[in-house]
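Note that this is a predicted model, so its numbers are computed, not measured. Start at 1 with the first residue, then count along the sequence.
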Amino acid sequence: MGLVAGLDPVRAARLYGVAHVIDYGPDREGDGLLITTGAGLLLSDMDQLPTLRWAVDIGPSRGYPQAVDWAAVAARTVTHTVAHLWMAITDPAWMRSVLEPFPADRLAVCSRPRLDIGHQADTVDELETWCEAFRHEPAVGSRPVGQGECT
């Protein structure tokens, strides 16, 4: 894990042309990423999941091949990832390919249809409980050199 200091999901999105990635700021209680398929889920989840700093509505990038490349970079810049997905028109196989770069032990998924990847949750309350383990854990790019990260 670890790329270069200063790289985050928003900057990576600019490189790969992925839209709708939002930084809620450094005052959040963690450095996690939320991936949703809808602005309503995004806004609601960010209110309830304070350990998530960044959020993306991946729906507008549906089927976009560079979204998988963005995910591979973003996965190296966050402490944990939550995917809350309602895939009415999003291809579950494509969505799974976006989630695969994220370490399974740092990924929680609440989706319909169900995607068997990462920690499975059925409710936002379950996601919130899972996220507690990552409260105040520093993001990869902000860890001091010598903690297993390359610069």
Side-chain angles (χ1 to χ4, degrees), residues 1-16 18 20-59 61 67-87 90 92-151:
M1 292 181 64
L3 293 173
V4 295
L7 188 60
D8 63 41
V10 172
R11 289 183 178 105
R14 290 182 192 135
L15 294 172
Y16 291 99
V18 174
H20 306 287
V21 182
I22 303 163
D23 183 350
Y24 275 69
D27 293 333
R28 299 285 289 186
E29 297 175 18
D31 286 319
L33 170 67
L34 172 67
I35 300 174
T36 66
T37 51
L41 285 174
L42 185 149
L43 294 171
S44 175
D45 288 351
M46 289 304 284
D47 282 345
Q48 192 164 345
L49 303 171
T51 66
L52 303 176
R53 175 176 172 173
W54 295 277
V56 59
D57 173 4
I58 202 73
S61 297
V68 176
D69 297 330
W70 165 81
V73 172
R76 290 172 166 80
T77 67
V78 299
T79 55
H80 61 295
T81 304
V82 169
H84 192 183
L85 313 163
W86 191 264
M87 294 175 285
T90 301
W94 176 80
M95 191 67 247
R96 183 181 177 83
S97 71
V98 170
L99 297 178
E100 285 176 343
F102 294 92
D105 63 333
R106 293 179 169 266
L107 172 67
V109 179
C110 180
S111 69
R112 301 297 179 270
R114 184 179 175 100
L115 293 176
D116 290 323
I117 187 170
H119 171 82
Q120 295 296 303
D122 292 318
T123 67
V124 176
D125 288 338
E126 289 176 23
L127 292 172
E128 184 175 20
T129 300
W130 181 84
C131 285
E132 284 302 310
F134 303 98
R135 185 175 297 277
H136 301 297
E137 181 178 323
V140 174
S142 65
R143 293 180 191 150
V145 175
Q147 290 189 353
E149 302 300 330
C150 298
T151 58

Tell me every residue that passes salt bridge (charged side-chain N to carboxylate O under 4.0 Å, His left out) with Arg112, counting only those two or more places apart in sequence or in another chain. Asp122
Side-chain donor/acceptor of Arg28 to backbone N/O of Asp23, under 3.5 Å: no
Heavy-atom count check: over 12 atoms from other residues, nucleotides or ligands less than 6.0 Å from Trp94 CH2? yes
Rounded to the nearest 0.5 Å, what's the gap from OG1 on Thr90 to CE on Met95? Could you check? 7.5 Å
Minimal non-hydrogen separation, Gly32 against Thr79, with atom names: N-OG1, 3.7 Å
Taking C-beta and beyond as the side chain, do His119 and Val109 meet within less than 4.5 Å on heavy atoms? no
Under 3.5 Å: donor-acceptor pair, side chain of Gln120, backbone of Leu115: yes
Considering all heavy atoms, the nearest Met87-Ser111 contact: CE-CB, 4.1 Å
Could you check whether any side-chain heavy atom of Trp54 comes within less than 4.5 Å of a side-chain heavy atom of Thr77, counting everything from C-beta outward? no
I'd like to check Arg53 versus Val78 (side-chain heavy atoms, cut-off strictly below 4.5 Å). Are they in contact? no
Under a 4.5 Å cut-off applied to non-hydrogen side-chain atoms, are Leu99 and Ile35 in contact? yes
Of the non-hydrogen atoms in Val98 and Ala71, which two are nearest, and what is the gap between them? O-CB, 3.1 Å
Donor-acceptor check, side chain of Thr37 to backbone of Trp86, threshold 3.5 angstrom: yes or no? yes
Using every non-hydrogen atom in the two residues, find where Pro101 and Ala72 come nearest and quote the distance to one decimal. CB-CA, 3.6 Å
Applying side chain to side chain donor-acceptor pair (under 3.5 Å), can you list everything that pairs with Thr81, at least two apart in sequence or on another chain? none
Any side-chain heavy-atom pair of Phe102 and Ile117 under 4.5 Å: no
How about Val56 and Pro9: do any of their side-chain heavy atoms sit closer than 4.5 Å? no
Phe134 side, atom CZ; Glu132 side, atom CD - distance, nearest 0.5 Å: 11.0 Å
I'd like to check the salt bridge (charged side-chain N to carboxylate O under 4.0 Å, His left out) partners of Asp8; sequence neighbours left out, ordered by chain and number. Arg11
Check side chain to side chain donor-acceptor pair (under 3.5 Å) between Glu100 and all other residues, then give those that pass, not counting sequence neighbours. Arg96
Does any non-hydrogen side-chain atom of Gln48 lie less than 4.5 Å from one of Leu127? no
Are the side chains of Tyr24 and Leu52 in touch, meaning some heavy atoms are under 4.5 Å apart? no
Mind checking what makes salt bridge (charged side-chain N to carboxylate O under 4.0 Å, His left out) contact with Glu126, not counting sequence neighbours? none
Identify the heavy atoms of Leu33 and Ala74 that sit nearest to each other, and give their distance. CD2-CB, 4.3 Å
Checking the side chain of Thr129 only, and the main-chain atoms of Asp125 only, is there a donor and an acceptor separated by less than 3.5 Å? yes
Criterion side-chain contact (heavy atoms from CB on, under 4.5 Å) against His80, the qualifying member of Thr51, Leu34, Leu107, Asp31: Thr51
Step-by-step side chain to side chain contact (heavy atoms under 4.5 Å, CB included) determination, Asp57 to Leu41: CA-CA 9 Å; Asp57 173 4; Leu41 285 174; over 6 Å; no
Residues in salt bridge (charged side-chain N to carboxylate O under 4.0 Å, His left out) with Asp105, at least two apart? none
